Participant: 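Next up is a structure, given as structure tokens.
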Amino acid sequence: MVDLRELIQRVSQAKDKLELQNLKSQFLGKNSQINKEFKKLGSLNENDRKIRASSLNNEKQKITEAIDNKFQELENSEINQKLQKNKVDVTLPARERPNGKIHPVSQVIDEISSIFSEIGFSVAEGPDVESEYNNFTALNTPEDHPARDMHDTFYLDKNKKILLRTHTSPVQIRTMLSGKAPFKIIVPGRTYRCDSDQTHAPMFHQLEGLHIDKDITMGHLKGCLDYFVKEFFEVKKIRMRFRPSHFPFTEPSAEVDIGYRLENGRIIVGEGDKWLEILGCGMVHPNVLKNAKVDPKKFQGYAFGMGIDRLAMLKYGINDLRSFFEADFRWLNYFGFDPLDVPTNYRGLSR
Ligand code: DAH
């Protein structure tokens with residue numbers, strides 16, 4: 001016979017989970033008393049067997065319940081002990097802030113994305129390795145255009161079919177081919193040209209903008225850029241002028257200058273009698289729309305492209321473009337940004 005009371009008492013006295021585990025196999029396992037009793041059932045007549053089986057099942061259930069309850073009790077007291085030991089001392093000084101810094105180019109990309117997202121632009125991206133078609137032909141750039149010259153473009157194959165993109169403009173084509181008008185995107189990204197001096201690096205960053213819809217005019221372009229420049233340089237007034245220019249992918253085309261003055265050798269953006277070119281823009285050429293499967297009779301719009309590194313240099317007073325890409329930790333520590341300060345329009349873009 002199984003002495004149920006004794007078993008349950010022993011279970012309730014178990015000190016830890018290991019002891020409980022041992023009791024469990026002792027009381028319910030293969031060699032347990034109760035198991036032996038179950039085996040004896042076969043020798044009983046049907047009636048007695050039913051009665052005995054039911055009382056054995058009952059006992060087994062009670063032992064199982066006692067073990068389960070005890071397990072829960074031990075588990076709870078373990079957790080409570082842990083909580084007691086791991087108390088948090090709220091008077092301790094805060095942990096040190098992380099050491100890493102955000103590179104000024106990344107910071108400026110985040111700032112620009114925040115500014116344009118406020119007026120409904122989304123961010124698109126494209127690959128650095130591009131086809132000659134997307135980079136030039138689809139953008140209405142003639143075969144003999146100087147930009148196609150080996151001296152300006154890094155070609156990756158003998159046939160000059162694959163290259164490192166020389167601007168972010170091919171993403172205009174990619175975006176329009178993969179969706180339906182209207183489009184309202186900005187495209188930040190790396191671009192490449194054979195060039196290197198204090199203000200040119202073979203790899204640099206551009207930001208493209210494209211807004212295609214019904215009835216878009218140059219007035220929208222002007223309003224958009226006026227808003228952007230004021231937000232970016234965090235000034236209320238800005239002098240800005242559109243100078244007629246030429247790009248194969250826009251008609252008409254313009255370059256935009258902003259006014260500045262020098263104060264103790266530093267560039268102060270906004271007012272003054274000097275002009276600084278910051279971007280190229282225009283109304284997207286109908287041929288570009290056709291190449292990108294957009295009907296120029298129904299849709300039109302503007303595009304612009306600017307150098308991100310240049311904007312970062314201007315805003316944060318950095319003189320040499322090459323220092324951006326030297327990965328000098330002291331430089332990054334000085335010009336870099338706190339990773340926890342994500343730029344947003346409403347909270348402030350920069351320090
Ligand atoms: N892709 C031009 C460049 O790299 C910049 C540019 C000019 C982009 C006019 C445009 C544009 O989208 O409309 O110099």
Side-chain angles (χ1 to χ4, degrees), residues 1-103 105-107 109-111 113-114 117-118 122-125 127 178 188 327 329 332-333 336-351:
M1 279 303 273
V2 181
D3 185 346
L4 195 60
R5 279 179 67 192
E6 191 203 319
L7 295 196
I8 290 182
Q9 199 183 5
R10 284 182 61 194
V11 166
S12 74
Q13 284 165 352
K15 283 191 295 298
D16 53 34
K17 283 190 197 161
L18 183 66
E19 186 181 343
L20 188 65
Q21 191 59 39
N22 288 336
L23 289 177
K24 186 176 179 179
S25 57
Q26 197 181 328
F27 297 163
L28 297 173
K30 231 162 117 201
N31 296 321
S32 63
Q33 189 62 34
I34 203 155
N35 215 20
K36 284 180 191 147
E37 298 291 330
F38 269 114
K39 280 187 185 143
K40 285 187 204 155
L41 286 177
S43 60
L44 297 181
N45 69 39
E46 198 184 336
N47 207 21
D48 290 348
R49 187 159 68 226
K50 264 193 191 159
I51 298 170
R52 182 79 185 120
S54 141
S55 94
L56 278 177
N57 273 327
N58 208 357
E59 283 172 11
K60 187 174 177 182
Q61 195 186 341
K62 286 203 168 119
I63 301 172
T64 311
E65 266 172 24
I67 290 175
D68 287 350
N69 290 342
K70 186 67 190 176
F71 183 85
Q72 203 53 54
E73 185 190 316
L74 288 170
E75 180 107 324
N76 288 345
S77 82
E78 238 175 54
I79 292 175
N80 283 338
Q81 271 175 18
K82 263 193 204 152
L83 285 175
Q84 287 277 327
K85 265 195 234 153
N86 298 348
K87 265 192 202 155
V88 178
D89 182 352
V90 290
T91 65
L92 283 174
R95 233 180 282 159
E96 262 181 51
R97 294 203 127 196
N99 248 335
K101 291 276 181 147
I102 300 294
H103 194 284
V105 171
S106 303
Q107 167 79 14
I109 290 177
D110 287 348
E111 290 178 16
S113 305
S114 169
S117 71
E118 287 283 309
S122 49
V123 177
E125 282 181 314
S178 66
F329 187 68
L332 189 57
N333 227 2
F337 291 81
D338 192 321
L340 300 177
D341 270 346
V342 180
T344 55
N345 287 42
Y346 52 90
R347 259 206 3 231
L349 292 169
S350 57
R351 57 190 157 193

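Count residues from 1 along the sequence. Please read all numbers here as calculations on a predicted model, not as lab measurements.
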Participant: Between CD of Q72 and CG of D68, what distance do you get to the nearest 0.5 Å?
Facilitator: 8.5 Å
Participant: Side chains of F27 and I34, heavy atoms from C-beta outward: is any pair under 4.5 Å?
Facilitator: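 No. Closest side-chain heavy atoms not under 4.5 Å.
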Participant: How close do P188 and A124 get, counting heavy atoms only, and between which atoms?
Facilitator: CD-O, 3.7 Å
Participant: Are the side chains of E19 and Q13 in contact, using a 4.5 Å heavy-atom criterion?
Facilitator: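 No. Closest side-chain heavy atoms not under 4.5 Å.
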Participant: Between CD1 of I67 and OG of S12, what distance do you get to the nearest 0.5 Å?
Facilitator: 11.5 Å
Participant: Can you establish whether the number of heavy atoms outside N31 located under 6.0 Å from its atom CG is more than 12?
Facilitator: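 No, because the 6.0 Å sphere around CG of N31 holds 12 heavy atoms or fewer from other groups.
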Participant: Can you tell me how far apart CD (Q9) and CG (L4) are? Round to the nearest 0.5 Å.
Facilitator: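 Reported value, rounded in 0.5 Å steps: 11.5 Å.
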Participant: Quick one: do K60 and F38 satisfy side-chain contact (heavy atoms from CB on, under 4.5 Å)? Show the steps, please.
Facilitator: CA-CA 10 Å; K60 187 174 177 182; F38 269 114; 4.0 Å; yes
Participant: Are the side chain of S117 and the backbone of S113 linked by a donor-acceptor contact shorter than 3.5 Å?
Facilitator: yes
Participant: Could you check if a side-chain atom of I102 sits within less than 4.5 angstrom of a side-chain atom of D338, using non-hydrogen atoms only?
Facilitator: no
Participant: Could you tell me whether the side chain of N35 reaches within less than 4.5 Å of the side chain of K30, counting heavy atoms only?
Facilitator: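 Yes, side chains in contact.
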Participant: Are there more than 12 heavy atoms of other residues, nucleotides or ligands under 6.0 Å from atom NZ of K62?
Facilitator: no
Participant: If you define the side chain from C-beta out and look only at heavy atoms, does anything of L7 sit under 4.5 Å from L23?
Facilitator: no
Participant: How long is the gap from CG on N80 to CD on E75, to the nearest 0.5 Å?
Facilitator: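 Answer for the CG-CD pair, N80 versus E75, is 11.0 Å.
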Participant: So, K101 side chain and F337 main chain: donor-acceptor pair closer than 3.5 Å or not?
Facilitator: no
Participant: Decide if atom CD of Q26 counts as having more than 12 heavy atoms of other residues, nucleotides or ligands within a radius under 6.0 Å.
Facilitator: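 Check passes, neighbour count above 12.
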Participant: Answer yes or no: is there a side-chain heavy-atom contact under 4.5 Å between N45 and D48?
Facilitator: yes
Participant: If you take all heavy atoms of L74 and K17, which pair is closest and at what distance?
Facilitator: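 Looks like CD1-N, 3.7 Å.
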Participant: Minimum heavy-atom separation for P339 to G100, with atom names?
Facilitator: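 Residues P339 and G100, closest heavy atoms: CD-O, 3.4 Å.
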Participant: Which is it for I51 and L44 under the side-chain contact (heavy atoms from CB on, under 4.5 Å) test, yes or no, and what are the steps along the way?
Facilitator: CA-CA 10 Å; I51 298 170; L44 297 181; over 6 Å; no
Participant: With a 4.5 Å limit on heavy-atom distance, are the side chains of E37 and E59 in contact?
Facilitator: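 No - every pair of side-chain heavy atoms lies 4.5 Å or more apart.
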Participant: To the nearest 0.5 Å, how far apart are CG in N57 and CZ in R52?
Facilitator: 10.5 Å
Participant: NZ/K50 to CG/L41 distance, rounded to the nearest 0.5 angstrom?
Facilitator: 13.0 Å
